[in-house]
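We use all heavy atoms of the structure for the numbers below, so side chains are in, but hydrogens, waters and symmetry mates are not.
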Amino acid sequence: MNNKQIEIQDRIIVALDVDSPELAKEMVKRCESHTHYFKVGLQLFMASYFEVVDWIIDRGHKVMLDLKFFDIPETVKLAVGQLNSRGVSLATIHGNDAIIRAAMETRGDLQLLAVTVLTSFGEEDLRAMGMTQSVEDLVLFRARRALDLGCDGVVSSGLEAERLRKDLGNKLLIVTPGIRPGANVNDGNDDQKRIITAGRAIATGADHVVVGRPITRAEDPVRIIEEMQKDIVSSIGAVR
Ligand code: C5P
C-alpha cells in the first residue's frame, strides 16, 4: 500500500461525465460537502471548454483534466502548455518517450499522469491490437518509463496497483478508474473490464480512485460517496 497522507475528501475524484455545464455544476454542488476533487473529461470539456474547470477551481476544489493527449510531441507540448498556470491539478497524457518528454517541457506546476492501459481493456483487447504482453506487464512497463521520464504518476486499474507500488515505490501517484460496484452499472453492458472496489484499490496502493457512473447516475450520489469513503477508511485500517 502507499503511505501518502491524503485527506478522505480528496481520495475520490468524481468524474463529471455529463453533457452540459449546468449538469456538471449541479453535481458538484450536490457532492462538494463530501468530496473536493472532480474530473473533467472529453464529454464535458467539449460542452464547456474551461468554463466548468475554472468554476470548480474558483470554488476551492481540485480538477483532474482528463483529455488524454496523444499526438506528435510538438503538438502535445503546446497543448500541455495551454494548461500551465490555469490551476488544474492533474492532467492525462498518452504516449511514448518522446511524447512524454515533450509534455514535461511545458507542464509548469501541473502534475502529469501517463495513461498505462485503459481500464476498459482486457487481455483479448491487447491481442486484438497486436500486443503480446499481458495487461499487467504492459502497465508496469509503461509506468516505469513514465516515472523515469519525470511523470508524476499513472492511471491504472486497481488490479495492477499493488505490483506498481511494490516495484516502483511510493513516489509514483496512482490514480485508479474502473471502480465498481455502483448504481446503474451492473446491467451487463458496462464497458469497464478491470474493475475493483474503492476500498480495495486504495488499500492495495492507489492514491485516488476515479468514479463516474456509480456516483453520477445514482439517485443519491452523496450516499454512494459516503459508502465508498467508509469502505476506503476501513480498508486502509485493515491493511495497517
Ligand atoms: O463511469 P466510470 O466510473 O466507469 O468512469 C470512469 C472515468 O474514468 C471515465 O471518465 C473515463 O473516461 C475515465 N478513465 C478510465 N480509464 C482510464 C482513464 C480514465 O475509465 N484509463
Side-chain angles (χ1 to χ4, degrees), residues 2 4 6 10-11 13-17 21 24 28 36-121 138-157 160-161 164-165 167-177 206-210 212:
N2 71 80
K4 296 190 194 84
I6 296 172
D10 285 340
R11 288 285 191 186
I13 302 176
V14 178
L16 297 169
D17 293 328
V28 170
H36 303 157
Y37 220 140
F38 298 91
K39 183 172 90 72
V40 175
L42 290 169
Q43 182 188 12
L44 180 58
F45 196 75
M46 289 302 109
S48 69
Y49 302 105
F50 282 102
E51 180 193 333
V52 174
V53 172
D54 293 344
W55 181 86
I56 295 170
I57 293 168
D58 284 348
R59 285 175 91 81
H61 305 314
K62 295 195 180 88
V63 169
M64 171 177 170
L65 189 57
D66 185 22
L67 302 178
K68 299 188 182 69
F69 293 136
F70 182 52
D71 209 314
I72 61 168
E74 182 69 6
T75 303
V76 171
K77 180 171 101 181
L78 298 175
V80 168
Q82 292 288 329
L83 302 181
N84 193 330
S85 305
R86 285 204 81 108
V88 170
S89 297
L90 285 176
T92 50
I93 53 169
H94 264 294
N96 67 352
D97 290 10
I99 295 171
I100 295 177
R101 244 186 238 116
M104 298 304 294
E105 278 181 49
T106 50
R107 69 169 179 152
D109 53 7
L110 178 68
Q111 289 201 299
L112 280 184
L113 299 177
V115 176
T116 54
V117 176
L118 291 174
T119 44
S120 59
F121 284 0
L138 189 55
V139 168
L140 190 74
F141 174 81
R142 289 188 169 168
R144 197 186 297 279
R145 297 288 326 138
L147 193 62
D148 285 351
L149 292 164
C151 255
D152 301 283
V154 294
V155 183
S156 85
S157 97
E160 299 93 36
L164 285 174
R165 199 50 86 203
D167 289 14
L168 302 182
N170 255 320
K171 204 176 136 229
L172 182 79
L173 200 61
I174 301 177
V175 176
T176 292
D207 296 295
H208 304 276
V209 289
V210 169

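Side-chain N or O atoms of R107 include none that pairs as donor or acceptor with a backbone N or O of G81 at under 3.5 Å. Side-chain N or O atoms of D207 include none that pairs as donor or acceptor with a backbone N or O of V175 at under 3.5 Å. No donor-acceptor pair under 3.5 Å is formed between the side chain of R101 and the backbone N or O of N96. The main-chain N or O of G60 is never found under 3.5 Å from a side-chain atom of H36 such that the two would form a donor-acceptor pair. In this structure, the side chain of E160 engages the main chain of S157 through a donor-acceptor pair within 3.5 Å.
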Would you sort out whether V154 and L168 count as a side-chain contact (heavy atoms from CB on, under 4.5 Å), showing the intermediate values? CA-CA 11 Å; V154 294; L168 302 182; over 6 Å; no

Take T92 and M64, measure what side-chain contact (heavy atoms from CB on, under 4.5 Å) needs, and give me the verdict at the end. CA-CA 8 Å; T92 50; M64 171 177 170; 3.8 Å; yes

Worked verdict on R165 versus L172 for side-chain contact (heavy atoms from CB on, under 4.5 Å): CA-CA 8 Å; R165 199 50 86 203; L172 182 79; 4.1 Å; yes

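In this structure N84 satisfies the side-chain hydrogen bond (donor to acceptor under 3.5 Å, both in side chains) test with no other residue, sequence neighbours excluded. Judged as a side-chain hydrogen bond (donor to acceptor under 3.5 Å, both in side chains), and not counting sequence neighbours, the contacts of R145 are D97.
In terms of heavy-atom proximity, I174 sits nearest to A161 at CD1-O, 4.0 Å. In terms of heavy atoms, D152 sits closest to Q111 at OD2-CA, 3.2 Å. Considering every non-hydrogen atom in both A91 and L83, the closest pair reads CB-CD1, 3.9 Å. In terms of heavy atoms, L149 sits closest to M104 at O-CG, 3.6 Å. The heavy-atom pair separating V88 from V63 by the smallest distance is CG1-O, 3.6 Å. Minimum heavy-atom separation, T119 to P177: CG2-O, 3.8 Å.
Contact annotation: the side chain of I93 approaches that of I100 to within less than 4.5 Å [non-hydrogen atoms, C-beta and beyond]. Side-chain atoms of D66 and K68, non-hydrogen and from C-beta on, do get closer than 4.5 Å to each other. Between L67 and L42, the closest side-chain pair of non-hydrogen atoms falls below 4.5 Å. Looking at P73 and I99, their side chains come closer than 4.5 Å, going by heavy atoms from C-beta outward. Side-chain contact between L90 and Y37 is present, with at least one heavy-atom pair separated by less than 4.5 Å. A heavy-atom distance below 4.5 Å is not found between the side chains of L112 and F69. Between F50 and W55 there is no side-chain heavy-atom pair separated by less than 4.5 Å. In this structure the side chain of K39 never reaches within 4.5 angstrom of the side chain of I56, judged on heavy atoms.
One finds the CG atom of L147 at 5.0 Å from the NZ atom of K171 (value rounded to the nearest 0.5 Å). Atom CG in L78 sits 9.5 Å away from atom CD in E105 (nearest 0.5 Å). To the nearest 0.5 angstrom, S156 atom OG is 10.5 Å from L113 atom CG. Interatomic distance, L164 CG to T116 OG1, rounded to the nearest 0.5 Å: 7.0 Å.
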